[in-house]
Amino acid sequence: MTLELLSSVQCFGGEQRRYQAPSTALVGDTIFSVFLPEFAASNPVPVVIYLSGLTCTDENAVTKAGAQRVASELGIAMVYPDTSPRGDGVPDDPEGAYDLGLGAGFYLNATQAPWSDHYRMEEFVVDELPELLSEIGGLDLSRVSISGHSMGGHGAMSLALKHPGRYRSVSAFSPICAPSSCPWGHKAFSAYLGENQQLWKAHDSCELIRAGAQHLPLLVDQGGADQFLAEQLKPELLQVACEETGFPLTYREHNGYDHSYFFISTFMEDHLRFHAKHMM
């Protein structure tokens, strides 16, 4: 694979980089960002992969989530993939909706036309991205954790649950906890996976936990004033599933906080210190 370095800027003693690379999984070029702390120049460092939410690219969290200062202090690299395939020939929602198509890959492998040729975000994040990262140097890819926000919180949880042993820990900000039971999930899963709802369970964190997914440390932060809380996110379903199975969930709800990057940046330090405990 051939990585092209698009940009690099100094940040908290380290480097914030942006790369472009060809992707077999996505059938086209993809762009992702990497923060390398200064410590990576002399010692391979552990990695947190951060999956963003609907409408985002790799750049949103890089500029708004506020991870670099603490990541630099802890000696952790941050990796920010895009949220969907992009480019000529990549299908999008015909009505231009924000919750399907470009910016809304839902971190799964689509099986239905026209999506199945490009929308293979699960394969990209789990299999192809580590191969790309191995070309960079300074990263210890045996120590990887995963985090995300909203759709990306769904992605972080579901990928960690589906691929035991791949990630040391998982965390999420305002995740879509039960996509099989909310409008965002119904729309995306129907399009990408088809109408057989039994197949959706393989991408629903609550269903994966109930099915006996291997335990790993899970931290979820949720804003109490989140406008999507009741209809789309449904953390109460995740709490019930974890209680029923003894899954090690730490769930925190914060009064007054919404769904925005202000919320994410407020608690990002907690999440990075959580992951550091399980990767160091």
Side-chain angles (χ1 to χ4, degrees), residues 22-32 49-58 60 80-129 146-163 166 170 172 174-211 213 228 231-234 237-238 241:
S23 167
T24 301
L26 307 181
V27 194
D29 288 344
T30 190
I31 292 175
F32 62 93
I49 296 173
Y50 183 88
L51 306 182
S52 291
L54 291 166
T55 75
C56 291
T57 69
D58 62 296
N60 295 80
Y80 308 84
D82 203 346
T83 51
S84 75
R86 298 183 195 268
D88 294 340
V90 176
D92 194 10
D93 183 89
E95 298 178 357
Y98 72 92
D99 53 359
L100 186 70
L102 299 184
F106 269 81
Y107 303 102
L108 51 74
N109 294 334
T111 60
Q112 304 298 301
W115 314 100
S116 53
D117 287 343
H118 294 274
Y119 282 74
R120 302 187 64 82
M121 288 301 298
E122 177 177 352
E123 180 181 342
F124 175 74
V125 172
V126 174
D127 298 322
E128 199 168 35
L129 182 60
I146 192 165
S147 182
H149 170 236
S150 195
M151 178 187 71
H154 143 72
M157 293 193 302
S158 62
L159 295 183
L161 294 167
K162 288 183 69 178
H163 299 277
R166 183 62 58 94
V170 56
S174 312
I176 304 172
C177 294
S180 298
S181 303
C182 75
W184 279 340
H186 270 258
K187 181 176 181 177
F189 284 8
S190 295
Y192 297 146
L193 303 173
E195 297 296 341
N196 183 349
Q197 296 192 15
Q198 289 300 311
L199 301 178
W200 299 4
K201 293 182 179 182
H203 307 277
D204 185 307
S205 295
C206 292
E207 297 293 344
L208 289 165
I209 288 169
R210 286 198 178 89
F228 303 114
E231 183 181 22
Q232 303 283 11
L233 306 180
K234 300 186 180 295
L237 299 183
L238 179 67

List the atom of [X], the atom of [Y], and the distance in Å for their closest heavy-atom pair.
X: P85; Y: V90; value: O-CG1, 3.8 Å
X: S158; Y: S205; value: N-OG, 3.4 Å
X: P91; Y: P114; value: CG-O, 3.3 Å
X: S150; Y: G53; value: CB-CA, 4.5 Å
X: L51; Y: A156; value: CD1-N, 3.5 Å
X: Q232; Y: I176; value: O-CG2, 3.6 Å

Legend entry - Which residues share a salt bridge (Lys or Arg N to Asp or Glu O under 4.0 Å) with D127, sequence neighbours left out: R166
Legend entry - K162: salt bridge (Lys or Arg N to Asp or Glu O under 4.0 Å) partners, not counting sequence neighbours: E122
From [X] [atom1] over to [Y] [atom2], what is the distance, rounded to the nearest 0.5 angstrom?
X: K187; Y: L100; atom1: NZ; atom2: CG; value: 5.5 Å
X: H149; Y: L54; atom1: NE2; atom2: CG; value: 9.5 Å
X: E128; Y: L26; atom1: CD; atom2: CG; value: 6.5 Å
X: K201; Y: L208; atom1: NZ; atom2: CG; value: 11.0 Å
X: W115; Y: S84; atom1: CH2; atom2: OG; value: 9.5 Å
X: L108; Y: R120; atom1: CG; atom2: CZ; value: 10.0 Å

Inset, instruction - Determine, stepwise, if the pair V125 / F32 fulfils side-chain contact (heavy atoms from CB on, under 4.5 Å). - result: CA-CA 11 Å; V125 172; F32 62 93; over 6 Å; no
Legend entry - Geometric class of the H154/F106 ring pair [parallel <30°, tilted 30-60°, perpendicular >60°]: tilted
Verify, without hydrogens or angle tests, whether [X] (side chain) and [Y] (backbone) share a donor-acceptor contact under 3.5 angstrom.
X: T83; Y: C56; answer: yes
X: Y119; Y: L102; answer: yes
X: E123; Y: A25; answer: no

Inset, instruction - Could you walk me through whether D82 and I31 pass side-chain contact (heavy atoms from CB on, under 4.5 Å), step by step? - result: CA-CA 6 Å; D82 203 346; I31 292 175; 5.6 Å; no
Legend entry - Side chains of T111 and N109 in contact at under 4.5 Å (non-hydrogen atoms): no
Legend entry - Test side-chain contact (heavy atoms from CB on, under 4.5 Å) applied to M157 and L238, step by step: CA-CA 11 Å; M157 293 193 302; L238 179 67; 4.0 Å; yes
Inset, instruction - Decide yes or no on side-chain contact (heavy atoms from CB on, under 4.5 Å) for F189 and L199, but give the supporting numbers first. - result: CA-CA 9 Å; F189 284 8; L199 301 178; over 6 Å; no
For residues 177-186, which side-chain donor-acceptor pairs fall under 3.5 Å, sequence neighbours excluded?
unit_1 : atom_1 : unit_2 : atom_2 : d
S180   : OG     : D204   : OD2    : 2.9
W184   : NE1    : Y98    : OH     : 3.1
H186   : NE2    : S180   : O      : 2.8

